[in-house]
Every structure is written in structure tokens, then in C-alpha cells.
Amino acid sequence: PQHGPQGVGFTAFALFVGISMSITAFPVLLRILADRGIIQTPLGQTAIACAALGDATAWCLLALIVAAAQASGWLPASLNLLCVVAFVALMLGLVKPWFARQQVAPGREGRCLLGILLLSLGSALVTEMLGIHALFGAFAAGVAVSSNAQLRDLLMARVEPFAVTLLLPLFFAMTGLRMRADALQASDIVLCVLVIAVATTGKLLGTFSAARSAGMPTREAWRLGALMNTRGLMELIVLNLGYELGLLGDRLLAVLVIMALVTTAMTGPLLNLIERRRG
């Protein structure tokens, strides 16, 4: 009652908080692996696979929660999800193979970029109309286009500099404006420590147990758990989505943002500690 906004059911609230603690920042993880030169090692490949599958599962659960939160019940939410599944199947079964066969002719790069932009906006509109956030439609469009290496490189060269220099700082600024640190109370400090402890322990022990059961050496299992504890930008995207949908209050949003920053910052020192113990 202190942290769930009025009218939000406990199930949707609890599931969302659980998902927000389960996210791994895939881009940040790749950068950490590359900086440490372990991206091609068995540990690096395992971490990439775990992060990809874990985030895919979390996004599917998040879509279910969003559908339930925006619909009047679980039955309408299930119908919306079935429509979204059909839409994603269409994107992966027809649109993605079509993009994979396309060739970008010299001088037609602008038309290709315009077509991709219209596709992403149209996909976002479809998922928004189906009761799922527009973010999921744009993500599906990105997956469809990624099958063509030529188009992917074109987007990275033309769009990424604009997104990194303008859109990404604006996103962080929006997150900072939403984070009402002045709304935090003295008791929220204890809550913040508890949330960080639960999030870190869940990642470390959960990953360690699964890795050990699969036969991974003890120290490598701890390192994998430390890597999975990275949350970064993906966590902030999820938290902003929950705030927009009214699943989070100001105080809990601030606590979870602090958790995302702390768990991301602690990944490097935690890996160094594990490696020093091995030495």
C-alpha cells in the first residue's frame, strides 16, 4: 500500500517489481566482456546467452503485465497477447526474411532509412493499439531489420550517432526528472538497502546455483553471477515503462533507479574481487 499506486492490483505490482530485479543490461554486459577481453571465452559466450534468454523471458512477462494493467481483466489481456503473438509471428515469419533478401543500391540509402523508420513507427502503433506499449512494436521492427547486415550497418552509421548524442541524454534527463529523490523518507534508506541486497543476492545465488548444477567451476559460476547482476540502461527503460503505466510510485521508482545504478557500478569491482581471490 505504501508503494503501489491507487488501483494497482498486488499481482501486477509484485510481478513488475520482480521483473525489474531480473533485467540484465545486454549492451553494458557486452561492453564489460569486450573491455576485459573475455567475450570469446566460454564464460563470455555463456554470459551472452544467459543475458539474451533472460531478457527475452523478462520482456515476454513484461508484455503480459502491461496487457493486464491496461486491460479490464486477464481475459481481455490474454486476447491482446494472442494478437501480439500473431503480429510478432508475422514480423519474424514474413517481414524478417523479406528484409534479409534486400540489397541497398547506391544512392537509395535515404529511401531505405525512411522505410525502416515508417516500419518502426507503424509497428509501435500496432502494439499500442493492441494494448501493449509501443516499445514492443519498435523492438519487433528492429529484430526484423537486423536480419540484413547491410541495413543494420546503415542504421548504425546514420542513426546511432543521432540517438546517442541527442535522444539518449534526453532519456536520462527524463528519468532524472521523474526520480523524486525529495520524496524519499528516512525509512526508504532501509528499503533501498534491502532492495539492493535482494536484487544482488537473487542474481548471484540464482546464477551461481544454475551454473554449478550445469558443471561450471565455482569461481566461474560466481563471475557469471556478477556479470548477470549488471542492469544499466535496460533497467531504466523498464522502470520508466512501469512509471508511465502507473505501476510504480515516486518513492519506489527512486529506490529502483538507485538499485539499477548501484548494481551496475558494482559489477567491475565485484569481478575484480572474485579474480583476486582466485589469484
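Atoms CE and CG, on M259 and L191 in that order, are 10.5 Å from each other to the nearest 0.5 Å. Residue L151 holds its CG atom at 8.5 Å from CG of L113, rounded to the nearest 0.5 Å. Atom CG in N240 sits 10.5 Å away from atom CG in L135 (nearest 0.5 Å). From M234, atom CE reaches atom OG1 of T264 across 12.0 Å, with rounding to the nearest 0.5 Å. Distance CD/E235 to CG/L261: 9.5 Å, rounded to 0.5 Å. Taking CD of E128 as the start and CG of L121 as the end, the distance is 12.5 Å to the nearest 0.5 Å.
For the pair H3/V255, no side-chain contact is recorded, criterion being any heavy-atom separation below 4.5 Å from C-beta on. Using a 4.5 Å heavy-atom threshold, the side chains of V143 and M91 count as separate. Counting heavy atoms from C-beta outward, W222 and L270 have side chains that stay 4.5 Å or more apart. Under the 4.5 Å side-chain criterion, counting only non-hydrogen atoms from C-beta, I116 is not in contact with V159. The shortest distance between side-chain heavy atoms of L248 and F16 falls below 4.5 Å. The shortest side-chain heavy-atom distance between T46 and T41 does not fall under the 4.5 Å cut-off. The shortest side-chain heavy-atom distance between F172 and L236 falls under the 4.5 Å cut-off. Contact check for L253 versus L239: side-chain heavy atoms found under the 4.5 Å cut-off.
Annotation: M129, atom CE; neighbour count of heavy atoms from other residues, nucleotides and ligands within 6.0 Å does not exceed 12. In this structure, F139 places its CZ atom where only 12 or fewer heavy-atom neighbours from other residues, nucleotides or ligands lie under 6.0 Å away. Surrounding CZ of R152 are more than 12 heavy atoms belonging to other residues, nucleotides or ligands, all under 6.0 Å away.
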### Query
Going through the checks in order, is the side-chain hydrogen bond (donor to acceptor under 3.5 Å, both in side chains) test met by T230 and T267?
CA-CA 6 Å; T230 305; T267 301; 2.9 Å; yes

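The main-chain N or O of M216 is found under 3.5 Å from a side-chain atom of R212 such that the two form a donor-acceptor pair. Judged by distance alone, with hydrogens and angles left aside, the side-chain atoms of D55 form a donor-acceptor pair with the main-chain N or O of T24 at under 3.5 Å. No donor-acceptor pair under 3.5 Å is formed between the side chain of K96 and the backbone N or O of V145. Remark: side-chain polar atoms of S120 are paired, donor with acceptor, to backbone N or O of L117 under 3.5 angstrom. Looking at R231, its side chain does come within 3.5 Å of a backbone N or O of M21 through a donor-acceptor pair. Distance alone, capped at 3.5 Å, is enough to place a donor-acceptor pair between the T127 side chain and the A124 backbone.
At a threshold of 4.0 Å, the pair E275-R219 does not count as salt-bridged, since none of the basic side-chain nitrogens sits closer than that to a carboxylate oxygen.
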